[in-house]
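Structure first, commentary second.
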Amino acid sequence: MTTSEAAPLPRENMGQPLARVDGRLKVMGRANYPADIPVNNLAHGLLVASGIARGRVQELHLDEAHAVKGVLDILTHDHIRGELEPPEFGTSGSSSIGPLHDDKIWHDGQIIALVIAETIEAAREAAMRITVDYKEEQPSTSFGSEGTETVAASEVSQQFKEDVKAGDFETAFDAAEVKIDVEYGMPTHHHNPIEMFSTTAYWQGEELTVHEPTQNVYGWKVEIARQLKIEPDRVRVISPYIGGAFGSKGPITPRTAIVALAARRLGRPVRCVVTRSQSFTTQTYRAETRHHIQMAAARDGRITAFKHEGWEVTSRPDPYVVGGTKTTGRLYNYGSVLTKVFLVKTDRPTPSYMRAPAETPYIYALENAMDEMAVALNMDPVEFRRVNDASQDAIEGKPFSSRSLMQCYDEAASEFGWSKRNPQVGSMRDGDWLIGMGCATAVHPANVAPCAVRITLRDDGHARVQTASHEIGTGVQTVAAQLAAEHLGLHPSMVQVEMGDTRLPPAPVTGGSSTTASVCSAIIKACEEIREKLARAAVTANDGPLAGRDPASVLLKNGRLVAADASQALKDVFKHVGSGVIEQYTEFRPDGASPDAVSNLYQGKMEMVSGEKGDMIKYAFGAEFVEVRIHRRTREIRVPRVVGAFSGGRIMNTRTARSQLMGGMIWGISSALHEATEFDWRSARVVNRDLQDYLVPVNADIQDVKVILVPETDTHVNLAGVKGLGELGNVGTAAAIASAVHHATGKRIRELPIRIDNLLG
Amino acid sequence: MLPFDYERASTVREALAACAGSSEMPPTGAPSQFIAGGTNMSDYMRLGVTRPSHLMDINLIQDASLRTIEIGSLEIRLGALVRMSEVEDHQEISRRCPMLPESLKVAASRQIRNMATLAGNVLQRTRCEYFREISWPCNKRNPGSGCSAMDGFNRQHAVLGVSDACIATYHGDFAQALIALDATVEIAGQGANRRIRFAELHLQPGDNPEVETVLRPDEMITAIVISVPGWAARSKYLKIRDRESYAFALASTAVALDLDGDIVRDVRIGLGGVASVPWRAVPAEDVLRGKIFSEDLASKAADAAFANAKPREHNAFKVALGKQTLVRALMEVREMKL
Amino acid sequence: MTGTASPAIHISGAAALQDETRSPVPSTQREGLTVSMLINGQPYQFNIDSRTSLLDLLRDHAGLTGTKKGCDHGQCGACTVLTDGRRTLSCMSFAAMNDGWEITTIEGLSSADGDLHPMQQAFIDHDAFQCGYCTPGQILSAVACVEEGHAESDADIREYMSGNLCRCAAYPNIVAAVKQARNEMEKA
């Protein structure tokens with residue numbers, strides 16, 4: 001293959017489009033995901049889930065289930081009580097709800113039993129034969145349901161301590177010439193990675209091994225140990241390949257420790273695969289949000305006042321908050337800002353993070369409002385953003401470490417052909433199809449976290465990179481191999497990468513788009529330390545071509561240590577070192593992290609240095625343009641074209657970067673047009689609990705998706721200069737589609753998803 | 001899933017004999033069930049919706065006619081075990097009557113169409129979310145327990161042919177083409193064989209939504225026979241859904257139009273995604289037949305088709321969408337260059 | 001297969017699929033059912049529960065975990081295999097119904113010496129996956145898509161690959177990969 005759209009030519013400050021190092025295993029079906037690991041004497045577990053959302057389990061009738069041939073054990077709350085510490089909400093845990101810890105039902109589909117059997121068929125049969133008597137109470141589903149409790153997020157959350165504000169919003173709003181006052185809504189989303197959630201647990205003496213897809217092996221190890229009341233060192237968590245995560249495998253859910261307990265009771269390995277339908281209630285989700293935005297501007301387009309109130313659904317016991325106002329409040333050069341975030345407590349599971357948890361809903365609302373304001377001002381939406389582009393943030397006046405937003409707009413607009421858009425609503429048509437075009441800003445904080453890595457370099461030029469990070473599909477293994485190869489002067493094929501195992505040095509949770517920045521910074525640091533060791537040995541040697549040189553001047557290239565006019569083969573340099581191998585353990589602690597940050601990582605506690613922390617605001621930006629086509633009669637919406645331009649600091653690999661951003665934009669299409677978890681409001685239960693009714697796009701929904709990587713150099717963000725792209729792509733897309741739908745039809749749909757229902761008539 | 005005995009039949013008689021004795025209605029609740037493609041049966045068994053104790057695999061019945069597509073000058077005969085994808089790819093059927101293969105091509109996915117048989121496809125059961133998840137009350141699954149969809153989330157549900165007991169949609173596509181063409185179903189029975197109009201196969205829910213067809217437990221569809229008029233070349237199947245593929249219809253229509261200049265000599269209309277059973281829009285056909293075709297007339301026909309619609313809270317849009325789908329299909333069929 | 005319009009009766013369909021190896025079993029069974037099949041060219045015999053799906057048989061009994069479970073209800077395509085060359089969903093088929101059939105899984109697609117099938121190579125070249133979980137199903141579906149002749153246009157590929165969900169959303173790259181492999185498969 002010579003050229004491919006999949007492998008963009010690197011521009012300034014971009015790495016080569018190396019093909020994925022795990023590609024061969026994956027296309028051959030030999031990449032073992034956790035539920036693929038062969039285990040001897042395996043017993044099969046199946047969850048039983050509640051059919052009500054609130055109340056108590058009065059009685060579980062288990063006799064028929066126990067009588068099923070092959071059934072080994074059935075765990076209910078009678079067995080868990082006292083055996084397991086209840087789960088905790090916070091660091092690594094998804095929720096404080098201990099589903100089997102007592103008889104209380106907190107939400108629909110809560111785990112009420114775990115059946116263990118010799119075969120999956122017997123487990124299914126037994127689960128089907130269990131009947132339950134409930135004492136049912138009236139549950140609250142969502143906003144507007146009776147019995148909910150609304151609280152200010154800043155008063156109850158440990159993570160969200162204040163609502164950002166600046167200047168005098170009220171005065172500025174009252175005085176302004178052009179104003180909008182609008183409300184938006186985003187529904188519940190479920191991650192639905194195609195890999196099903198699963199736990200495989202077995203004990204060897206007092207040692208527990210857990211195979212489970214996770215984005216946080218170290219955090220889980222510590223939490224599993226805490227729940228099982230054993231030392232963390234006795235727990236090993238292994239997760240080398242993860243079949244899609246998107247946040248769903250970040251926080252640990254209570255099932256893991258329950259399955260581990262079942263394996264201990266039984267004295268044999270247990271594998272529990274969560275059914276697709278159960279994953280809608282026993283795993284986490286993106287909670288629905290409501291937004292109220294008031295915005296005012298002068299006639300020249302300058303925003304003088306911006307107010308953003310958000311309401312987020314959470315569970316009864318846990319104050320989970322995404323609080324995207326911290327980003328929306330800083331995005332443009334507003335004259336004044338007022339924000340407030342509220343939590344609405346309902347009888348639902350605790351939500352958790354899902355791809356750009358804060359930005360996806362909050363920027364959706366803001367960027368819709370930006371489009372509405374541009375229309376109100378009769379301004380081009382791109383120019384409106386240009387007028388309000390900022391060099392410092394509106395809240396604290398900190399400079400942006402780099403901000404290429406308008407470069408992104410200009411490159412994307414040019415590629416898209418924005419100048420050919422007739423701004424008149426309903427003016428563009430192709431036969432029976434109404435054409436609409438819209439655009440929106442994408443933004444995501446450039447987060448970074450502490451990370452430890454071990455790099456082993458052999459004198460024959462083979463290297464191994466070990467860190468307990470997670471390959472969820474982002475390409476981090478590929479980027480790690482590529483970067484280590486570059487810094488060690490080796491071909492990438494000489495570098496082996498090992499991840500996803502608590503026997504490796506700790507890496508942070510793979511979340512917040514921080515993995516590439518964190519892992520790469522650690523690798524760069526480790527490689528530099530290796531180079532220094534080799535250089536020092538070579539220059540201080542009594543003989544050899546590099547003797548007497550300045551150690552800072554020699555670099556590793558093509559398997560050699562190289563100075564300006566002389567070089568030495570690695571093999572010979574190692575003779576000066578006096579060993580055949582250098583094993584370099586290195587800890588990377590980002591600026592702004594506490595001195596204990598790395599030792600905390602070992603304790604399963606992570607400190608993420610967020611994009612707002614420090615003297616500068618560190619954000620990645622993008623601009624997305626979409627074309628929609630809507631049939632004039634039947635109103636189905638198609639998206640023939642999407643163009644996104646993104647700046648993310650150093651791009652490590654243009655191929656994997658493009659794929660992540662492309663996938664992100666398709667997620668954006670999905671959130672705009674397809675996805676919504678629907679509830680039966682009488683019972684607070686999920687109705688569309690499978691992939692037949694929870695729609696995600698299929699191949700035919702997606703046509704031309706173009707990604708432009710805009711060059712950007714940022715030396716402030718972290719050692720690697722990386723901002724992270726995993727969550728940037730799906731921010732903004734839904735707003736761009738909503739604005740395109742308005743352009744095509746004149747209808748402003750403020751509640752997602754936008755469906756035929758909204759556009760008929 | 002509960003345990004079941006698995007058996008293979010080598011003849012139709014053998015298959016039917018195994019199901020004799022389980023004569024209670026409805027056949028969907030009978031302890032003995034036939035399985036062929038398995039795409040509906042295995043799904044509903046795993047969900048616990050269907051709980052047979054005996055499965056009779058009919059894939060290996062020796063009678064080749066069950067696996068045969070016969071193209072006659074007037075009739076197309078499709079064996080019950082012919083796979084959906086075989087008709088979908090059939091050039092001659094496509095030439096004679098495009099809406100037949102089109103209705104198959106837009107159903108499910110190619111993998112499923114390679115497995116599913118034509119007879120199994122027309123007998124597929126509703127995809128109502130409340131029917132599929134057994135923890136909900138459902139009159140169709142558990143007679144007398146109530147209908148959860150009626151006042152629940154009912155965006156997917158039917159607006160035509162519904163009752164106070166059930167508003168589940170019949171989601172099939174192929175059936176809409178069959179009912180439009182007034183196809184015939186050949187049925188083998190323990191007692192005698194019979195032929196019925198396809199339009200008589202399915203039963204509206206009424207007070208007994210658990211009874212879905214006129215088939216008895218010891219009967220089996222052996223073939224679908226379609227008289228294809230020459231003018232059926234001017235036909236199409238239009239399906240509108242939330243995503244472009246691999247989704248059930250929000251509204252669909254099978255339309256065939258016989259034009260003499262601008263005069264509608266004859267017309268056939270099936271409607272999918274909006275009704276409790278395969279749905280022939282006879283009132284709409286009556287509006288069109290014998291008149292000069294126009295967009296206005298097409299709109300009047302669409303109004304007639306949905307005159308008796310009974311929308312609920314979330315599916316009211318299906319009335320407007322169903323009408324627009326029909327008008328669009330009629331307009332597009334008229335424009336077809338033959 | 002088909003003829004032109006004439007009074008003659010033309011016969012097509014799967015009638016020819018019948019053969020001796022697929023004879024009916026006389027007695028009814030629910031446990032210890034013996035099933036034989038050819039998987040990736042190797043003969044296998046299993047003793048199974050009548051409820052065992054083809055997918056669970058492949059993964060848990062044959063140890064071929066390249067075939068993935070993504071929904072177990074025919075809604076994602078991750079479990080796609082080739083059954084006598086045609087793509088099917090292994091989760092929706094009882095294993096017993098596959099007695100005597102020839103199954104191809106992802107493990108059987110590359111040659112024994114490790115040479116990749118053109119479709120596998122194309123998926124690598126075009127970065128047609130991220131997490132890789134849906135990939136075995138995508139690749140088998142894509143091979144069948146080309147062999148069916150449904151890979152002639154981008155629109156056709158998109159439609160006929162729509163039975164395989166990719167939550168990472170590598171769809172445009174999958175289309176590019178299918179086109180590359182189609183050209184190579186047609187040359188071969």
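Just so we're on the same page: letters track the sequence lines, and every chain starts at 1. Computed from a predicted model, the values in this text were never measured in an experiment.
Between H61(C) and F46(C), the angle of the ring planes goes over 60°, which puts this pair in the perpendicular group of the 30/60° scheme.
No side-chain heavy atom of R77(B) sits under 4.5 Å from any side-chain heavy atom of T68(B).
The CG atom of L57(C) lies 7.0 Å from the OG1 atom of T52(C); values are rounded to the nearest 0.5 Å. Here the CG atom belonging to L47(B) is positioned 9.5 Å from the CZ atom belonging to R141(B), to the nearest 0.5 angstrom.
Looking at D63(B), there are no atoms closer than 4.5 Å to chain C (heavy atoms on both sides), in backbone or side chain. Contact annotation for E88(B): only side-chain heavy atoms (C-beta onward) come within less than 4.5 Å of a heavy atom of chain C. For L74(B), no part lies near chain C; criterion is any non-hydrogen pair under 4.5 Å. Heavy atoms closer than 4.5 Å to chain B are found in the side chain of T80(C), but not in its backbone. For C79(C), no part lies under 4.5 angstrom from a heavy atom of chain B. When heavy atoms are compared at a cutoff of 4.5 Å, A116(B) does not approach chain C at all. Q75(C) touches chain B through backbone and side chain together, each having a heavy atom under 4.5 Å away. Residue D57(B) touches chain C through its side chain alone, counting heavy-atom pairs closer than 4.5 Å. Only the side chain of R113(B) comes within contact range of chain C, with heavy atoms under 4.5 Å apart. Of the atoms belonging to D49(C), not a single heavy atom falls under 4.5 Å from chain B.
Partner of F131(B) under the ring-ring contact (aromatic ring centres under 6.0 Å, His included) criterion, chosen from Y170(B), Y44(B), W136(B): Y44(B). Looking at N114(B), T117(B), L104(B), I112(B) one by one, the single match for side chain to side chain contact (heavy atoms under 4.5 Å, CB included) with R83(B) turns out to be T117(B).
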Mind running side-chain hydrogen bond (donor to acceptor under 3.5 Å, both in side chains) on E159(C) and S245(B) for me, showing each step along the way? CA-CA 7 Å; E159(C) 170 58 35; S245(B) 186; 3.0 Å; yes
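For chain C, the option among S85(B), S42(B), S65(B), P3(B) with the highest count of heavy-atom pairs below 4.5 Å is P3(B). Note on M56(B), E244(B), K105(B), R243(B): by heavy-atom pairs under 4.5 Å with chain C, the leading option is K105(B).
A donor-acceptor pair shorter than 3.5 Å cannot be found between the side chains of T105(C) and T67(C).
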